[in-house]
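Here is how names work: the chains are called A, B, and so on, in the same order as the sequence lines, proteins then strands, and each is numbered from 1.
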Amino acid sequence: MPRYLVTSALPYANGPIHFGHVAGAYLPADVYVRYLKMAKGPENVLYVCGTDEHGVAITLKAEQEGVGYRAYVDRWHSEIRSLFDRFGIEFDTFSGTSRCAFHADASRKFFSVLLERGFVFAKTEKQWFSEQSARFLPDRYLQGGCPQCGFAKARGDECPDCGSWIDARELQNPVSLIDGSSPVLKATKHWFLDLPKLQQAGLDSWYRGNDENHPVHPWKPNVQGHVQAMLRDLHARPITRDLPWGVKLPEGLEGAEGKVLYVWFDAPIGYISATMEWAAAQGTPDAWMDWWQKEDTRLVHFIGKDNIAFHVVVFPSMLLGQEDAWQGKPFVMPWAVPANEFYNLQGRKFNTSSGWYLDNDSFFAQYNPDAARFHVLMSAPETADSEFSWPEFQVTNNNLLADKVGNLASRVLKFLDKRFGSCVPEVAKEPTAAILAVRGHQALQDADAAFAAIAGFLENFEFRKATQHLIAGCTALNQFFDAMEPWIKIKGSQAGDWECCVETLERCVAYLELLSRRIAPFCPTTAGKLRNMLGAVAETHVASAWGEENVAQAPATLPAGLRIGNVEMLFLKIEDEQISAEIAKLEASASAAAE
RNA sequence: GGGGGAAUAGCUCAGUUGGUUAGAGCAGCGGAAUCAUAAUCCGCGGGUCGGGGGUUCGAAUCCCUUUUCCCCUACCA
């Protein structure tokens, strides 16, 4: 049995996260993890995340606000966590690169090993330095004349006018965007990750799936295209910076004074250090190695498309370059990188400062988090950018979740409540042809097939299809209930009617129990509610077990006499007025921000 | 400037290695039913698969070209 080590991109502790982030890297991962824990056993799955808390952008914003770096990232760390909590996203551990006690040492060791083994080299170059702020200036924070076209307000990395790529040192009369001063060129030593060398050392072979020790799940088109192009022309990347905030370089390294690891270098190591922290908290400090160094671990990185290069090229190279330096064993390599595209909001990008966002407090005060989860998954940006739209959210909530799923539970369980004293009736011991026809009805076979397909879609990162099949299963059960007409059969005008009615109800209740487990990864709270409604019926199977995975099999006959619980509504409807109010609110906040 | 992804019905999307009259949901129209959150179920209409060219007996699918949108290009999923 392989074990699954699942990560979601470390959110950058420099601002709020929104539905777009959730749709891309967090919710799919949470559903995947919940499913795996049910299907493979919780001991075989670990879900790791945390905030990315270093980098120049954080230092600048904190300084602007006059807050210490520590306090600044702490605030965003808890802010970010609270949105995950509201969405019901449950990590096994959620740490942060500046708060994890293992992070700095692990990052430095990564760096030192790469240096020792010749995968990192040093080079001294001239960079713009602001004497006023006593700091080196990142290219993006410089403005000056474009050496190509002369445009006066070119940035240090790119000219917005002619689009050409600029070597910051050639920028004419540069000005610091941070303090407005004129910087001077000053020599500084930096260390570079030798990606071409690591490419030869095994990255290529792993990426192409030729490394039998490190198998890969087939790449998604967006990942494959991007990475193939990158591998054709790989360059060394600098992995150090002149900054006061971050992971300091190892001691005793010449020229390392005042320098830290580049945030993109230390961030992915956060996955590992967070696992170390988790293991230590469990009282088994070495247990992290079981996850990161055992060959049968499947390492899965959920990310957004902007992060592909780092998770398919840079981080795997860093892992590869560690060779046998950690207790003599190599690290596992990523097994799958299900990168998603971007999730927008009604035609535009989510953007807090321009007022185009959803207010999380207000959203979760009014709407069912499970409905939000289901809708976001159903419209997830798997192959192309997609969006959250209020009218579509209403359709998912009302027409699918309330009418198809919730109402199915209602109509079946209320029928049982009114006609059978809330107990599962006893089915005929020797089924007649008519009863066998009920039991083998095409609609039930359709439901079996739909529910059985969900596992495969989830394992293949096809979350949209998984949600569609969950609904398809419920549609089939509605069809079955309609076709069997138990409300007519119960009047028993013909011989055998009563037995068919009993059989129909027994089947429906058994399938509701199955549904409560199939819906659990998507809508965990609703699954629990449904199981409460099922009362003693729910006890026929363990809530946390997926059961038969890929076999389309009808649930076993329920013992007679099991008592169901109180019937509730699983999903409440959203009124048209609410939707138009939300749209008006969104437009008002956008135009307010525009002024 | 370089690289990548996407474009299919009014809307949101499926279409596996090229193979019968291109499918589903929503919206629209009609019907059945009344157990249920007026919830369900059945039926119907609707598309020169972004444009142009090519390969092929056969292309939404492969190749070339072009248009539009998005992303990456060294610190926003």
Trainee: Not counting sequence neighbours, which residues clear side chain to side chain donor-acceptor pair (under 3.5 Å) with A:Asp242? List them please.
Mentor: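 A:Asp242 satisfies side chain to side chain donor-acceptor pair (under 3.5 Å) with A:Thr188, A:His190, A:Lys259 once adjacent residues are dropped.
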Trainee: Need to verify one output field. Residue with the more 5' nearest nucleotide on RNA chain B, A:Lys573 or A:Leu10?
Mentor: A:Lys573
Trainee: Between B:rG46 and B:rG28, how far apart are the two C1' atoms, rounded to whole Å?
Mentor: 10 Å
Trainee: Summarise how protein sits on nucleotides 3-16 of chain B as a single string, 5' to 3': B when a protein heavy atom is under 4.0 Å from the base, S for sugar-phosphate-only contact, - for no contact.
Mentor: SSSS----SSSSS-
Trainee: Under 4.0 Å between any heavy atoms, over every strand shown, what does A:Gly304 touch: base, sugar-phosphate, or nothing? Just pick one.
Mentor: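 The answer is sugar-phosphate, as A:Gly304 gets under 4.0 Å only of primed atoms, P, OP1 or OP2.
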Trainee: Using a 4.0 Å heavy-atom cut-off, write out nucleotides 29-35 of chain B from 5' to 3' as B (base contacted by protein), S (sugar-phosphate only) or - (no contact).
Mentor: ----SSB
Trainee: With sequence neighbours excluded, what pairs up with A:Phe94 under the ring-ring contact (aromatic ring centres under 6.0 Å, His included) test?
Mentor: A:His77, A:Phe84, A:Phe91
Trainee: Is any NZ, NE, NH1 or NH2 atom of the basic residue among A:Asp194 and A:Arg237 found under 4.0 Å from an Asp or Glu carboxylate oxygen of the other?
Mentor: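 No, A:Asp194 and A:Arg237 are not salt-bridged.
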Trainee: Taking CG from A:Asn478 and C1' from B:rA38, how many angstroms apart are they, rounded to a whole number?
Mentor: 14 Å
Trainee: Is there a Watson-Crick or G-U wobble partner for B:rG1 with both distances under 3.5 Å, and which nucleotide is it?
Mentor: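 With both distances under 3.5 Å, B:rG1 matches B:rU73.
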Trainee: Send over the distance from A:His18 NE2 to B:rC76 P, rounded to a whole Å.
Mentor: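 Rounding to the nearest Å, NE2 of A:His18 and P of B:rC76 are 13 Å apart.
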Trainee: Not counting sequence neighbours, which residues clear ring-ring contact (aromatic ring centres under 6.0 Å, His included) with A:Phe87? List them please.
Mentor: A:Phe19, A:Phe364
Trainee: For A:Asn344 and B:rC76, what is the distance between atoms CG and P respectively, to the nearest whole Å?
Mentor: 17 Å
Trainee: Could I get the full list of salt bridge (charged side-chain N to carboxylate O under 4.0 Å, His left out) partners for A:Arg507, not counting sequence neighbours?
Mentor: none
Trainee: Got a sec, which residues hit side chain to side chain donor-acceptor pair (under 3.5 Å) with A:Tyr357, two or more places apart in sequence or on another chain?
Mentor: none
Trainee: Any luck finding a side-chain donor-acceptor pair between A:His18 and A:Asn360 under 3.5 Å?
Mentor: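 Side-chain D/A pair, A:His18 to A:Asn360: absent.
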Trainee: When rounded to the nearest 0.5 angstrom, what distance separates NE2 in A:His54 from OG in A:Ser98?
Mentor: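 Answer for the NE2-OG pair, A:His54 versus A:Ser98, is 5.0 Å.
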Trainee: NZ of A:Lys220 versus C1' of B:rC71: gap in Å, rounded?
Mentor: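 About 14 Å, once rounded to whole Å.
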Trainee: Taking the same atom, C1', in B:rU16 and in B:rA9, what whole-Å distance lies between them?
Mentor: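 It works out to 23 Å between them.
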Trainee: With sugar-phosphate meaning primed atoms plus P, OP1 and OP2, does A:Thr475 contact a base, only sugar-phosphate, or nothing at under 4.0 Å between heavy atoms?
Mentor: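 Sugar-phosphate contact only.
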Trainee: Determine the contact category for A:Ala13: base if any of its heavy atoms lies under 4.0 Å from a base atom, sugar-phosphate if only primed atoms, P, OP1 or OP2 are that close, otherwise nothing.
Mentor: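 No contact.
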Trainee: A:Asp446 has an atom CG; how far is it from atom P of B:rC41, in whole Å?
Mentor: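 Answer to the nearest Å: 13 Å.
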Trainee: Counting Watson-Crick and G-U wobble pairs only, both distances under 3.5 Å, name the nucleotide matched with B:rU12, or none.
Mentor: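 Checking every strand shown, B:rU12 finds its partner in B:rA24, with both distances under 3.5 Å.
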Trainee: Expressed as a whole number of Å, how far does the P atom of B:rA59 sit from that of B:rA22?
Mentor: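 It comes out at 13 Å once rounded to the nearest Å.
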Trainee: Rounding to an integer number of Å, can you tell me how far A:Leu231 CG sits from B:rC72 C1'?
Mentor: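 One finds 15 Å between C1' of B:rC72 and CG of A:Leu231, rounded.
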Trainee: Give, ordered by number, those residues of residues 397-408 of chain A having at least one heavy-atom distance below 4.0 Å to an atom of RNA chain B; if nothing qualifies, reply none.
Mentor: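 Of all residues in residues 397-408 of chain A, the ones placing a heavy atom under 4.0 Å from RNA chain B are A:Asn399, A:Ala402, A:Asp403, A:Lys404, A:Gly406, A:Asn407.
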Trainee: Taking only residues two or more places apart in sequence or in another chain, which ones pass ring-ring contact (aromatic ring centres under 6.0 Å, His included) with A:Tyr367?
Mentor: A:Phe363, A:Trp390, A:Phe393
Trainee: Roughly how many Å is it from NE2 in A:His311 to P in B:rC72, rounded to a whole number?
Mentor: 15 Å
Trainee: Taking the C1' atom in each of B:rA7 and B:rG15, what is the distance between them to the nearest angstrom?
Mentor: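 15 Å, rounded to whole Å.
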Trainee: Ring-plane angle category for A:Tyr72 and A:Trp76, please: parallel below 30°, perpendicular beyond 60°, tilted otherwise.
Mentor: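 If you compare the ring of A:Tyr72 with that of A:Trp76, the planes turn out perpendicular.
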Trainee: Considering only the P atoms, how many Å lie between B:rA6 and B:rA14, rounded to the nearest integer?
Mentor: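 It comes out at 10 Å once rounded to the nearest Å.
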Trainee: Distance check, P atoms only: B:rU61 and B:rG1, in whole angstrom units.
Mentor: 28 Å
Trainee: Please name the nucleotide paired to B:rG45 by Watson-Crick or G-U wobble geometry with both distances under 3.5 Å, or report none.
Mentor: none
Trainee: For atom P, what is the distance between B:rA27 and B:rG50, given to the nearest Å?
Mentor: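 My reading of the P atoms in B:rA27 and B:rG50 gives 26 Å.
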Trainee: Are OP1 or OP2 of B:rC76 and a side-chain N or O of A:Tyr12 less than 4.0 angstrom apart?
Mentor: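 It does not, given that no N or O in the side chain of A:Tyr12 lies less than 4.0 Å from OP1 or OP2 of B:rC76.
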Trainee: Classify the nucleic acid contact of A:Pro238 as base, sugar-phosphate or nothing, counting any heavy atom under 4.0 Å across all strands shown.
Mentor: base
Trainee: Who are the side chain to side chain donor-acceptor pair (under 3.5 Å) partners of A:Asp482, not counting sequence neighbours?
Mentor: A:Arg411
Trainee: Got a list of side-chain donor-acceptor pairs under 3.5 Å for residues 571-578 of chain A, not counting sequence neighbours?
Mentor:
from	atom 1	to	atom 2	distance (Å)
A:Lys573	NZ	A:Asp403	OD1	3.0
A:Asp576	OD1	A:Gln394	NE2	2.8
A:Gln578	OE1	A:Glu575	N	3.0

Trainee: Would you measure the distance from the P atom in B:rC62 across to the matching atom in B:rG5 and give it in whole Å?
Mentor: 12 Å
Trainee: Describe the nucleic acid contact of A:Ile490 in one word from base, sugar-phosphate, nothing, applying a heavy-atom distance below 4.0 Å.
Mentor: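 Contact class for A:Ile490: none.
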Trainee: Find the distance A:Arg241:CZ to B:rC75:C1' and express it as a whole number of Å.
Mentor: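 Checked: the CZ to C1' distance equals 7 Å.
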Trainee: Listed by chain and number, what are the ring-ring contact (aromatic ring centres under 6.0 Å, His included) partners of A:His235, not counting sequence neighbours?
Mentor: none
Trainee: For A:Ser8, which of A:Tyr47, A:Tyr26, A:Tyr271, A:Tyr32 qualifies under side-chain hydrogen bond (donor to acceptor under 3.5 Å, both in side chains)?
Mentor: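 Result for side-chain hydrogen bond (donor to acceptor under 3.5 Å, both in side chains) with A:Ser8: A:Tyr47.
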